[in-house]
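All remarks here apply to the structure that follows.
All chains are named by letter (A, B, ...) in the order of the sequence lines, taking the proteins before the strands, and each is independently numbered beginning at 1. The structure displayed is predicted, hence computed values, not measured ones.
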Protein chains: 2
Amino acid sequence: MRRMTARPANAHQARLLKLLRDGGPNSRAQLGDQIDLSRSKLAVEVDRLLETGLVVADGLAASRGGRRSHNVRLNPGLRFLGVDIGATSVDVAVTNAELETLGHLNQPLDVREGPVAVFEQVLAMAAKLRATGLAEGFDGAGIGVPGPVRFPEGVPVAPPIMPGWDGFPVREALSQELGCPVMVDNDVNLMAMGEQHAGVARSVGDFLCVKIGTGIGCGIVVGGQVHRGTTGSAGDIGHIQAVPDGRPCACGNRGCLEAHFSGAALARDAVEAAQQGLSAELATRLETNGGLTAADVAAAAAAGDATSLDLIREGGNRVGQVIAGLVSFFNPGLVVIGGGVTGLGHTLLAAIRTQVYRQSLPLATGNLPIVLGELGPTAGVIGAARLISDHLFSPA
Amino acid sequence: MRRMTARPANAHQARLLKLLRDGGPNSRAQLGDQIDLSRSKLAVEVDRLLETGLVVADGLAASRGGRRSHNVRLNPGLRFLGVDIGATSVDVAVTNAELETLGHLNQPLDVREGPVAVFEQVLAMAAKLRATGLAEGFDGAGIGVPGPVRFPEGVPVAPPIMPGWDGFPVREALSQELGCPVMVDNDVNLMAMGEQHAGVARSVGDFLCVKIGTGIGCGIVVGGQVHRGTTGSAGDIGHIQAVPDGRPCACGNRGCLEAHFSGAALARDAVEAAQQGLSAELATRLETNGGLTAADVAAAAAAGDATSLDLIREGGNRVGQVIAGLVSFFNPGLVVIGGGVTGLGHTLLAAIRTQVYRQSLPLATGNLPIVLGELGPTAGVIGAARLISDHLFSPA
DNA sequence: ACGTCTTTGTCCTGCGAGTGGAGAAAGTTG
DNA sequence: CAACTTTCTCCACTCGCAGGACAAAGACGT
């Protein structure tokens, strides 16, 4: 199948494509209610979109008391690839143009093996998904990487946990391999876009999306747009000082948030606690599995292990303190907590909330929901698909 | 003189007005180079602006090798009033449409006396400026207040240091008194806009403007636009925790940045040091003036007083630590330091820089200038004038 | 079965925004 | 005084778009 190459010719068409993406199949009349255009002009633009093949007719809708409308929808054959590369695992998903996930794979992975090895694996996963008949090819792909990205070029810059990726032309290389347009962004930004598109952050203009996984990052959305900063490192809150003269961090400083709480730090603390005999629960798990992860702590906590609960609470307090500062500074309308440690659930959330509501000013916290992400591990890939669709659904 | 009431009729006219405001008198040809319009269309819009009186002819320019051009400029009779209400003083200035300060008054003031008393004083100052012949009336006014503002309505909300102002309809009341359109904003945001318009932040899209006066606040500019947050309290960094279990703060918490460093905190520390006999220099000043201010500390430091230098350095370290966190989070292209303590000069700046460059990641700090504001006490009033001119120079 | 009302979609006319070229006006330079 | 530049004005033409007339298609009451 030859892939779609057309792009909207003007802002109206771009708007229409996004309405169809976010609202599903729709009639001309309904589209007219959502866009500021006369019916005549609207019809012209829809016809042009039909000609390009981006949009197809979709039968007749039920009558609403008069003549039945002819529905149109985005071409159901369009396929986007969403890739979310984490520090220790990778998610690859295929979506249609409405960004519905049609297939999803998750595999362990070590980013430190470098871009070549990683992309080999990612392409194999994409091929596997394609082989199931979900797609014959891709019309676009969005890629998330766990580090700062020079966004316009789609190139990672000085990523601390991704040695070997610095300056690697991810966008160009993957575009060549996949034969379709590619956009690259920080994984945290994609998570924010995912929750914005299909999760808890719908209809919120300004919000923060804190992702706590192997490391800690924060997606910043201002006026509906992701804020990436001057060098693409905005949201890099893992190395904010949380504890004066605290633990040494890989970055060379002491007391960084990431050194005191993150998936990695939590696992290390749990092993320590188990070895010191503080928790029989954790010790058992350590012996059984030969190591501990954040998931073990979550399970132990769920089983009522006091030490695990303490670890989670203490970590939540640290993160909460930093978030409290960010809330005072940024005054968001919503804070989303996501990432691998979402499994720690409400114990973590309660600790964070306590800190934020106690430390920030009432005006900033009065109407501020602090919630867990709704999409879990699919937030990243949905955000990735959204990234490339936003790009392709904009005038060329 | 009847004031101007016209507004630009469309986006082109708005754009032209802003070009004339920021670039001064200009010919049609030069305007054509800066705007994406054909000469014919441009001429039409300029003619319409001439008809409204917002723009007037300004003679012939020198030849550039051919026919001399007819210059146009903003009506030189237009007058904006810029008001910057601080905690302990107020600045009032009159500008022309190009935002050049024509007259400027500064008087001590106590905001706690409430809006009625304050506005009486402000209106008297405005009348005084008018009486000098600078203006016969005002075409618009911008007002800055030291607290959060619900921006669309121009109403302060829950301002901690301004009891009695909560919910007072500043915009409406002043608009009535002055007989012209009024816009209200946080004083810190106005300082940021001032530095953006005529100071160090020209041509920078994303920057932070930290104002250290009686309190501490931070103006946030994203993509050239001030970010005010969901409830108008964005940038309220004075109550971020800088010292765990630190000094008690007026807000009820402990260790707030403002409790450890600000104009007020510095003055208090200086008195303490003088009374403990740590500094002869400060003790002398305390005796002479019957009290100490940040300016005294600045003077003592300039005279080489070690205790004063230490106070400034320690304070700078505290602020620097918080700014380091904000830099990691926001990744700005510039950080501006301003406000009353600018007099502390490079001792303060050096301490801040040290902290930021040491604690934030290289990618975020690599090309990050941290500089003192260029406009000093006029930043606020220029920002205020800019605020109202942005409003009036937008399509109605 | 029929007329009336509602909703949807198409066609057509007309207005205003905007482009681009021709040419006049006003300079400079040799 | 001729040749070249720059600026400004005027005019014809295109195109985007609104808005109304009208046709198509269905619901509903009589």
### Task
Check the surroundings of atom CD in Glu153(A): do more than 12 heavy atoms from other residues, nucleotides or ligands lie under 6.0 Å from it?
yes
### Task
Have a look at Val221(A) and tell me which of Glu195(A), Gln196(A), His227(A) forms a side chain to side chain contact (heavy atoms under 4.5 Å, CB included) with it.
Gln196(A)
### Query
Would you call Arg202(A) and Glu374(A) a salt bridge, taking side-chain N to carboxylate O under 4.0 Å as the test?
yes
### Message
Between Val184(A) and Val155(A), does the side-chain contact (heavy atoms from CB on, under 4.5 Å) criterion hold? Intermediate values first, please.
### Response
CA-CA 7 Å; Val184(A) 185; Val155(A) 173; over 6 Å; no
### Message
With salt bridge (charged side-chain N to carboxylate O under 4.0 Å, His left out) as the criterion, how do Glu45(B) and Arg48(B) come out once you've worked through the C-alpha distance, each side chain's angles and the decisive distance to 0.1 Å?
### Response
CA-CA 5 Å; Glu45(B) 296 299 350; Arg48(B) 287 183 189 161; 3.7 Å; yes
Distances under 3.5 Å only, N/O to N/O: pair up the protein atoms with those of nucleotides 2-6 of chain D.
residue: dT6(D); atom: O2; partner: Arg67(B); partner atom: N; Å: 3.0

### Query
Honestly, is Arg79(A) close enough over Phe138(A), meaning NZ or CZ under 6.0 Å from the six-membered ring centre and within 45° of the axis?
no
#### Entry: Check ion pair Asp22(B)-Lys18(B) (N to O, under 4.0 angstrom)
no
### Message
Looking at Asp47(A) and Arg28(A), is any side-chain nitrogen of the basic one under 4.0 Å from a carboxylate oxygen of the acidic one?
### Response
yes
### Message
Using a 6.0 Å cut-off, check whether atom CG of Asn367(A) has over 12 heavy atoms from anything other than its own residue.
### Response
no
### Query
Within less than 4.0 Å of OP1 or OP2 of dT7(C), is there a side-chain N or O belonging to Arg28(A)?
no
## Note on the structure
Within residues 31-61 of chain B, the residues having a heavy atom closer than 4.0 Å to DNA chain D are Arg39(B), Ser40(B)
### Message
What I'd like to find out is whether the side chain of Met193(B) reaches to under 4.5 Å of the side chain of Leu190(B), using heavy atoms alone.
### Response
yes
### Message
Expected output is a numbered-order residue list: members of residues 12-26 of chain A with a heavy atom under 4.0 Å from any atom of DNA chain D. What is it?
### Response
His12(A)
